[in-house]
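Residue numbers start from 1 in every chain, and the chains themselves are labelled A, B, ... in the order their sequence lines are given, proteins ahead of strands. Bear in mind that the values here come from a model prediction, so they are computed numbers and not experimental data.
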Amino acid sequence: MTDKQEIIQEESNVKPLLEVRCITKKFPGVQALDDVSLQFYSGEVHAVVGENGAGKSTLMKILAGAYTPDSGDILLDGVKVSFSHPSEAQHKGISIIYQEFNLLPERTVAYNIFLGREPTKAGVIDIRKMNRDAKEVLKEIGIDKIISPTAVVSSLSVAEQQLVEIAKAISFKSQVLIMDEPTAALTYTEVNLLDNLIKRLKTRGMAIIFISHRLIEVFAIAEKITVLKDGKLVGTVMTKDVNPEQLVQMMVGRELDHYFPPLGQPEDFGEVVLSVRGASNQLIHDISFDLRKGEVLGVAGLQGSGRTELAQALFGVEPFKTGTLTINGKTSKFRQPYFAIKNRIGFVTEDRKSEGIFSRQPIRDNMLLTIRSIRNMFGLIHKDGTLRDRKIVPTLGNQLDIRTSSYDRDVQFLSGGNQQKVVLAKWLASNAKIFIFDEPTRGIDVESKASIHDMIRGLAKQGTAILMISSELPEVIGMSDRILVMADRTLMGELPAKASEEEIMLMATGHKKIGNSAETSAVGKE
Amino acid sequence: MTTTTASSAKEINQILGKIWNGVRRIPPVFPIFLLIFIILGFLNPKGYQTMNGIMTFFRPAAPLAVLAIGEMLVLAMGGFDLSIGAIVTMVVLASSKLLANDPEKALPAILIMIGIGILIGLINGLVVSFLKVPSFITTLGMMLLVRGATLYYIGGAPQGYLTDNWRQFGRNYIQDVPFFVKIPYALIVLLVLGLIFYILFHRTNYGKQVLAIGDNMRAAQLSGVRVKLIRVVTHILCSVLAVLGGILVGGYGGVNVTIGEGMEMQAIAACVIGGVLLGGGKGNVINVAFGAFTLQAIVNLLNQLGLPKPYTDVIQGSIIIFVVAYSALSSQRKR
Amino acid sequence: MTTITTTDNKLKRLARSVRIPPVYIFLVVVFLVGGILDQILSDGQIFTNPLILLNIIVRSVALGIVAVGQTLVIIGASIDLSVAYTISITAIMSSYIMQGKTENVLTAIVGVLAIGIAIGLVNGLIVTKLKVNPFIATLGTSLIIKGIINASFSNYTGSVPKSFEFFGYGMVGPIPVSIIILLLIVFIGWFLLSRTQFGAHLYGVGGNVEVARLSGVRTDRVLIGAHIFCSMTAVISGLFLVSQMRAGAPWVGPNGIFDLNSIATTVIGGTALSGGKGGVWGTLAGVLIFGILDTTFNQLGVNPYLKSVFQGVIIVLAVASYTIRSKKDAA
Amino acid sequence: MKKNLLFVVSLIIVLTMVLTACANTPVETEAPVVEEPEAPVATEAPAAEEPAAEEPVVAANPGLQMEQAQVAMQFWSDEEFAKQMELMSAAPLNPDDPIYLQYLEESPTDITQYPQYADFAAKAPPYNICFSNAGVNNPWRVVGYIDMREQVEQYRTEGLVKNFIHLDAQGNDAKQIADIQDIINTPGKCDLLIVSPNTSEALTPIVEKACEVMPVIQFDRYTQTDCPVVSERSIGGYAFGISGANFIVENLPEGGNVLAFRILPGVDVLEHRWGAARKIFEQNPQINVIGVEFVGYDSFKANTVVSDYLAKYGTIDAVWMDAGGTAVTILEAFKDNEAAYPKVMVGEDQQDYLQYIKDNNILGIAPVFATYQWRTAVIAAVKFLQGETVQHHWYLPQPEITPENLDQYINPAMPPLHYAMCGCEDMTNYPDAWTTPDINKYKDVID
């Protein structure tokens, strides 16, 4: 690998715009970055990839001034710089778009874009100039028609908010733009918009650093790819020189022989356990489908097509207002998740950290909560759970390989990956017969993905019915025994296993509707 | 031979390590309380080193502990209850009018008060759950409402007396108990309530769900916790404890208009010293009770030292800031 | 022609930037109900006597001034429970320094402003640097100030000179000076919030402190600034009270329940307790609602304790009107 | 972390410094008293000398050194002290009138002496009267308020009074100022304003303003102005304080520990009570004042204080109080702490206290601050408006309840928080209005 890196350096005679030399950063118990050196050139899109915990985000935060490195130098235009605060990095021309949501919902677009550097006239904010400048910035990325500078952010859609965030980063007139998974919440058209935008910024001579788990995107946008693993630099390659398989190999250090476990066989599928007919609520409408024991039913659709809303409706978070929901032959109405869990439905949410973890509670209590919440409220428990549940915690802990000295430790002291496992354990403990997975592998590294996929298929094999929502088409195709496609907040139709990406996309963009779901489920049985 | 000694040395080391770990985990409230109490004992051996003296100490400390346990439930759930002081006022003043100096009416009066307490908690809980008004504001409104309604009902000033049988819980001792010499009823009430709420909070599904809501409400809801129900129940329990605490307070202090004023803040301070996290997710019944004892011990200590009473406020204020800053900074370090 | 349109535009823009908060509807309703009840059951002074109307505002001055400061702190997602005792210490220290002499007025004002800044600074530092929950931090400082006051003073101390009473009782034409001061403070609060970087940053800190920090906002400084401003408004409120009362006493702050009342009026005005949202004009309306209640109950001759019941209900209803449609559950 | 720890430590150091700095301030506060001879009260010179003269005595009395035991200069007048002492033994000048109309000193006045109130003098009954009340927030004020309202009801049946506008300040100076401002702002609404000020200093400016536009009568606590046409109350605070303190001194010939309870600072009648007691205790060095504590009407606090002092001193021989509201609680606290009752007790004329000292054979006295003065205010108002002669400085008699006359004041038919000296026995609704007091039933405005 190192040979290749040297070659690249020799090839480019121009001086790098931004360079890091021998950066090291240690967190308690973790060597986050170990002697990493990299160069970023102007007019170039440089992707940084790696598994979770590889050190990508730490590196970006160091570049953006949010962390200070333990040792090593940052050189901007050949000059050594150090940032004690993100604003210093911004003023020097490095701006960053974070993975997490980073806007003030109650403020206007203009205030958000210029937060921390509002234009002033004699100490007074020049609101007119600020709105004008904001309009400029929005125009620059071609969304001035959609978003007004004086709109309050909370009134915008999630994707629009993401665009505002990009506008904010652009507005710094930076030389270097760091994007940490900027497309995670964007629809396909918006991703295209972003691609065009990146190209335009590139021609302006900006250096763009791009972090993503979506390799397709990386290959579409980046010219150069750097791979990090366990805080160490694996290497930097030109995109044109590698294919995805090679890249994955670099990332995980070995070749992955299979991505997905084998699909279910017809004899695995049992009776219909969950059936929806003509159900609607304020967020989605006309939903009808069946879910059978032992199958993995994939749900595909664009961002905002109502996928998550479907899961929430089934689970009683935003229950259906009309139509029928039948569980195991019984018509049911879930006013809140409590009733869904009582009917042995489990829902592993997309945002596992903010919707799943009780960080200040012991691991044990985290894992047992689904059991406890449906039991008698004032029923006594033993310290290790009720007597009959005593074995659950260690059993699941071993099964999922949760690494901890004691199950009485607070979850906040676990690593991110282990926290995710605790959430899964919580749902496995609930002993659900119907599982809903919303983006089960989002933000998870390649290796862990495979084990999650194995687990899902394993559950199905044991006779659990699974509804799996995913925005990654390969995952939907690789895992699903049948595929539901959503668009415009309703079900567009159903496709059989191994449907092609094109078929799914066509339906997801609203072009084709294949009959109603009752008929298509027959198709699925074949 | 050598291996056994080595292994036993290792074992001892392990045991010592465990002990040290255990010591490190002791909440700061216990050493603080112990320290104050030991100093008190030196200053006044008769008052704080005899059973008689200790029991005397617990009589005024118990009512605050009862209030603090109720407040802890709400704080652990991530809420606030500012209405408990007003409930104490209500219990004492309204009872004084209801009793009309007739000891026979003591039981009905107490039952009516508990009933009103349940109603207040129910309204608090419903407003928080369904109107989505933050509990701080809900209970602030409730505090004004309860105090105003009480004073309106009694006409601005107490108009009757609390009968002796109503007051015995907060006031009297069980005499001639072996070893303990005497035990205040208030302490027995506290022990019974403390046990009930210890079990309820630490050893039932309910308690774990309260903590889950305080820690992460959205996740709790998605994990099947009936958030609204639990919140209503918790506010009711808090109000009922406030009523029971009020009976002890009234028993000890008798009737006056200012009774109960500021007790919500005292209770919150006791909780904070007892390690409860504002914002929710942590709480321990025993620690909170000792938090309340600590506040009382500070008062007694300053009195023994002959310092003017106002310094009590200064010391209490400094201690709550110190305790919270200590835990905030040390938890930051752990991360 | 063109000039007319530009002023028209300016007016429109001003109206938009001030953004009349919904609480004003509530204010009008309370006013009308109070006035009509007064008309029917009493002598109808509320509608007919402009002096009574003015006095509704004068009544609200002390609370209004400190509520402006409280609004800023709450917008920054903090809270200040120490304002009541800050008012007390101001009242007592200023009259102690003045000792009835006009030449001491300036020293006294500078002195108490310095005390205010110190208190705000301590509050802000404890909240930002020691990471203490602001509720506990200011409850703690409030206890500390209370103790210091009560250990040093137990009574009226010193007095203010006659000339200083102008602050509390003087008139400029038909308008009481106190109203002008209130409006001035509200205006300063509005200006700080919507026309300065400090204000924009404060909304950032209250809305999401991490976002603000990553945007280059010196979050700690902003929050400390808000706490200092809040303590300063408490100081001004204390000066106003002492000018009305001729001498300062330790109980003026807690007697007026300025801590909880200022929080209550702030949230009635639409400022979210969780921060990042709200403004001083709403708070002004909240304060006036309390003033109208006072006057109405006086006019009707109803036991004022019933008023406190109404206050409680109004607080909950007003806030419920903001929160009931929100999807998020309250803490 | 280290930085933060440093910060905590330095914060604590700063706090301690502030504390020690402030602990010295009481000494400083006294300094200006000596320096400023031109301060408003002319008689303050001897008061200023006192601390120096009594130094040795003070050293023996830990209680008198406490901040709570200091008497601010504006609340002390040797002249007034001497005068009240004298009045205590004076006989009423009109013994044939009922007690609530008697006066101990002549200072006649009528409306003709106030040309600025000519408009008011021209008015014929029924009159409209406004009453700005500090609050109805303790039992004494409840009894007094009912006295007053019953008097108004009687006048209404006689056609002398129409509206009686009651503005309750709920114990809040600022609210009372605004309330009075409202009355000033509505000329014609009232023919006379009765004020019971919440505190003396704070209300002075606004009462002065009210005097400019209408006749004002003040009672109970006085503001520091002589502009009201009538200032009436039973003798006053000095007499109350003297009564209790003398009783203690007489009954503790060998001396002993005395614990003093005060309600709240800053109210003239209460400050006078303590000031007088303090003077008497200072004159009798065998009396050891172990503590002076403010407890308000908070019986919880009072109870704790008793426990604290018993823990510290073992015995308390006498309790002096500036108001009897918590007297019974305090006695109960002795019992609950298994200590002997104090040998000498000072309370007030509340039924529960009188009953308690009788039942438990406690040597006690009940100085009286008569609730009938509330009634007198209304009577004075109507008489003044009618042009009759009233007393400008109206000293009502202030009897005391001693062991000798205790039995005649105990009335088991009345509720425990009733005040014996209500002067209400001759009213139409006696005793019902007092046995089941309801302050909400009275109407301010009648058609």
Pairwise side-chain contact, [X] with [Y], heavy-atom cut-off 4.5 Å (strictly under):
| X | Y | value |
| --- | --- | --- |
| C/Thr271 | C/Thr283 | yes |
| C/Val209 | C/Arg213 | no |
| B/Leu237 | B/Tyr206 | yes |
| B/His235 | B/Thr139 | yes |
| C/Ser142 | C/Asp259 | no |
| C/Asn298 | C/Arg59 | yes |
| B/Ile259 | B/Val255 | no |
| C/Val23 | C/Ile289 | yes |

[X], part contacting chain B, at a heavy-atom distance under 4.5 Å:
| X | value |
| --- | --- |
| C/Leu273 | side chain |
| C/Val319 | both |
| C/Ala264 | both |
| C/Thr141 | both |

(message) Can you tell me which of C/Lys307, C/Lys146, C/Gln311 forms the most heavy-atom pairs within a distance under 4.5 Å of chain B?
(response)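 Most heavy-atom pairs under 4.5 Å with chain B: C/Lys146.
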(request) Between chain B and each of C/Asn133, C/Ile149, C/Val313, C/Ile315, count heavy-atom pairs under 4.5 Å; write down the option with the most. (result)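 Answer, by heavy-atom pair count under 4.5 Å with chain B: C/Asn133.
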(request) Report, by ascending residue number, the residues of residues 72-90 of chain C in heavy-atom contact with chain B at a distance under 4.5 Å; give 'none' if the set is empty. (result)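 Residues C/Ile79, C/Leu81 are the ones that qualify, each having a heavy atom under 4.5 Å from chain B.
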(message) Give the interface residues of residues 144-154 of chain B toward chain C, defined by a heavy-atom separation under 4.5 Å.
(response)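 B/Leu144, B/Leu145, B/Gly148, B/Ala149, B/Leu151, B/Tyr152, listed by number.
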Atom [atom1] of [X] and atom [atom2] of [Y]: how far apart are they, to the nearest 0.5 Å?
| X | Y | atom1 | atom2 | answer |
| --- | --- | --- | --- | --- |
| B/Lys282 | B/Leu75 | NZ | CG | 15.0 Å |
| B/Leu302 | B/Thr312 | CG | OG1 | 4.5 Å |
| B/Phe136 | C/Ile263 | CZ | CD1 | 4.5 Å |

(message) Taking every non-hydrogen pair under 4.5 Å, which of B/Val127, B/Leu82, B/Leu140, B/Thr138 racks up the most with chain C?
(response)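 Counting heavy-atom pairs under 4.5 Å, the top option is B/Leu140.
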(message) Is the ring pair B/Phe293/B/Phe33 parallel, tilted or perpendicular, if the boundaries are 30 and 60 degrees?
(response)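 Geometry flag for B/Phe33 against B/Phe293: tilted rings.
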(request) Locate the shortest heavy-atom distance separating B/Leu278 from C/Phe135; write the atom from each residue and the value. (result)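 Distance-wise, the nearest heavy atoms are CD1-CD2, 3.8 Å.
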